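Below is one structure, written out as C-alpha cells, with a few remarks after it.
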Amino acid sequence: MSVPAQPVFDPARQLSSRANAADEGAIIRMAQKSRELRAKGRDVVALTVGEPDFDTPENIRDAAKAALDQGFTHYSPVAGIPELREAIARKLKAENGLPYPASGVVLANGTKQAIANAILSVIGPGDEVIILAPYWVSYEATVRLAGGTPVVLTSSVGEDYKVPAARIAAAVTPRSKLIIVNSPCNPTGAVWTRAELEAIAAIVSAHPNLMVLADEIYEYILFDGEMVSFGSLPGMLARTITLNGFAKGFAMTGWRLGYAAAAEPIAKAMGRMQSIVSAGANSFVQRAAIAALEGPRDDVVTMREAYRRRRDLVIAGLRAIPGLKIGSIPGTFYAFPDVSAFLGNAAGNTRIASSDELCDWLLEEHNVATVPGSAFGAPNSIRLSFAASEDDIKKALTRIASGLSMLG
Ligand SMILES: Cc1ncc(COP(=O)(O)O)c(C=O)c1O
C-alpha cells in the first residue's frame, strides 16, 4: 500500500507577519559585526552599544547577594514588591516632582518591557503615536507591535534635534493618543527645556485623549541644564506615563529592571500586560534596586563626571573634523553628528551613498564601529556611544577623522 506523500513542513513559513516585520536592529547588527571582526584578530574600537562600561556599584551588588542568601528568590507580585514601589514613589515625588501613588508604579524586566507594557496598555489599531525623531529604536517597533500607527516627526542638528512645538501641534489628529518624549534623548543627547516641554503640555491640554510617554532613563546622565520631568508640569501628571529604569544611571543593564508610573487605571492595565508575558520582575533584583535608590549616590556622580569628560573629548574631536555637524550634548553618553556632507562622496572606487554604507565602511576600512542614523529615523547622522574608555574614544576619533578625510 503506498503512503500518501506528506506535505513538507517549513518552519520559516510559520512566522507571523509581525515576526517577519521585526528587525533585530542596526545596533545589534553593528555590535555583532565588530565582534566578528575582533574574533578574526582585527583591532576594532566599538562605539555601538549604549551600555555603561562601569560595574554596578558595590552596595547594590551586596543587596542582591543578601536577598539571594535570604531566599528572596520566589515570584514577585506582578507590579513589583511593595517596598520598591513605595521607594520609587518617594523618589519620583522628591527628585522629579511626580506625586504618583505607589499603586501607580509598575516594575518590569527592563525599561524596554515597561515601554511595551505602557504602549500595549493604551495603543491599539487606529491609534496614532507621535514619535519625535531622531528617536530610540524601540518606540516605533513597539507601537507597530501594538497595532498602532507611528507618526514620525523629524528634527535636524540645527534645531538641536528637538521638533518645534508648532510641528507637533500640526501633526495632532483626533486619532493621536500619545506623544513620546525622551529627555535626555538617545541617540542625540538633547535635553528638552522647561519652556519646550510646556509648549508640548499646551498641545496635550488642548486634546482630551492625548497623553505623553516620558522616557527619563538618562536623567542621571545630565551635564548641563535642568532635568524637567514632563509629568511635573501643571495638570500633566495624569496625562503622563513616566518611564525610568536602573540600567543607565546605576550601571545595571544586565540586571533588567525598569518601571513605568501612571494614573491607576493605566498602571493596572500595565500590570495585566506584564502578567501575560512575564509575571513580575526579578525578585532579588528589586531588593537591590531599593539599595540603589536609597543608598549613597557617589558612584552615580563619579560615573556622570567620567561621561562628562568623555563628552568634552568627543565634542572637541568631532568639531575638529571639517564637514561634520555636531551640536551640544547636554546629556546621555551619545554623540549624533550629521554626516550629510560626506554622503554621495567617494574614497577611491568606493562611493558612500548612505549613513548605513558609511558605518559599514568605517568599520571595515577604519576599524571603528558606530551605528547608522537610519536606525533612529535620522539617515543623515551616525551615532557614537561614548560609554567607552578615553583611550578607545581617542583612537576612534582619530580613525573617524582620517577615514572621513578620504571622502573627498
Ligand atoms: C531611551 C531608552 N529607553 C529605554 C531603554 C531600555 O532600557 P532597559 O535596559 O532598562 O530596558 C534604553 C536602552 O538603551 C534607552 O536608550
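These numbers were taken from a predicted model, which means no experiment stands behind them. As the structure lists them, so they are numbered: ligands from 1, and atoms in each ligand from 1.
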Who's the nearest protein heavy-atom neighbour of [atom], and how far?
{"atom": "atom 3 (N) of ligand 1", "answer": "D215 OD2, 2.6 Å"}
{"atom": "atom 7 (O) of ligand 1", "answer": "I217 CD1, 3.4 Å"}
{"atom": "atom 12 (C) of ligand 1", "answer": "W136 CZ2, 3.3 Å"}

What part of [X], side chain, backbone, both or neither, has a heavy atom within less than 4.0 angstrom of ligand 1?
{"X": "T111", "value": "both"}
{"X": "F246", "value": "neither"}
{"X": "K248", "value": "side chain"}

With atoms numbered from 1 as shown, which atoms in ligand 1 lie under 4.0 angstrom from a non-hydrogen atom of [X]?
{"X": "N182", "result": "1 (C)"}
{"X": "A247", "result": "9 (O), 10 (O)"}
{"X": "G110", "result": "10 (O), 11 (O)"}
{"X": "Y139", "result": "1 (C)"}

Test item: [X] side-chain N/O and [Y] main-chain N/O as donor-acceptor pair under 3.5 Å:
{"X": "N182", "Y": "P184", "answer": "yes"}
{"X": "K91", "Y": "N96", "answer": "no"}
{"X": "D215", "Y": "I217", "answer": "yes"}
{"X": "D127", "Y": "K177", "answer": "no"}
{"X": "E216", "Y": "S183", "answer": "no"}

Practice item. Please say whether R256 places an N or O atom under 3.5 Å from an N or O atom belonging to ligand 1. Key: yes
Check your understanding: Does any N/O atom on N186 come nearer than 3.5 Å to any N/O atom on ligand 1?
Key ->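 N/O-N/O distance below 3.5 Å exists for this pair.
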Review point. Of T48, V339, I352, T370, which meets side-chain contact (heavy atoms from CB on, under 4.5 Å) against C359?
Key: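 Single pass found, and it is T370.
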Exercise for review: Would you sort out whether E36 and K40 count as a salt bridge (charged side-chain N to carboxylate O under 4.0 Å, His left out), showing the intermediate values?
Suggested key: CA-CA 7 Å; E36 284 164 14; K40 288 184 192 157; over 6 Å; no
Check your understanding: Is the closest heavy-atom distance from T253 to ligand 1 below 4.0 Å?
Key -> no
Review point. Is it true that the NZ or CZ of R310 lies under 6.0 Å from the centre of F386's six-membered ring and within 45 degrees of the ring axis?
Key: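 No, R310 and F386 do not form such a contact.
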Practice item. Apply salt bridge (charged side-chain N to carboxylate O under 4.0 Å, His left out) to D62 and K65, showing your working. Key: CA-CA 5 Å; D62 286 345; K65 287 181 209 165; 3.8 Å; yes
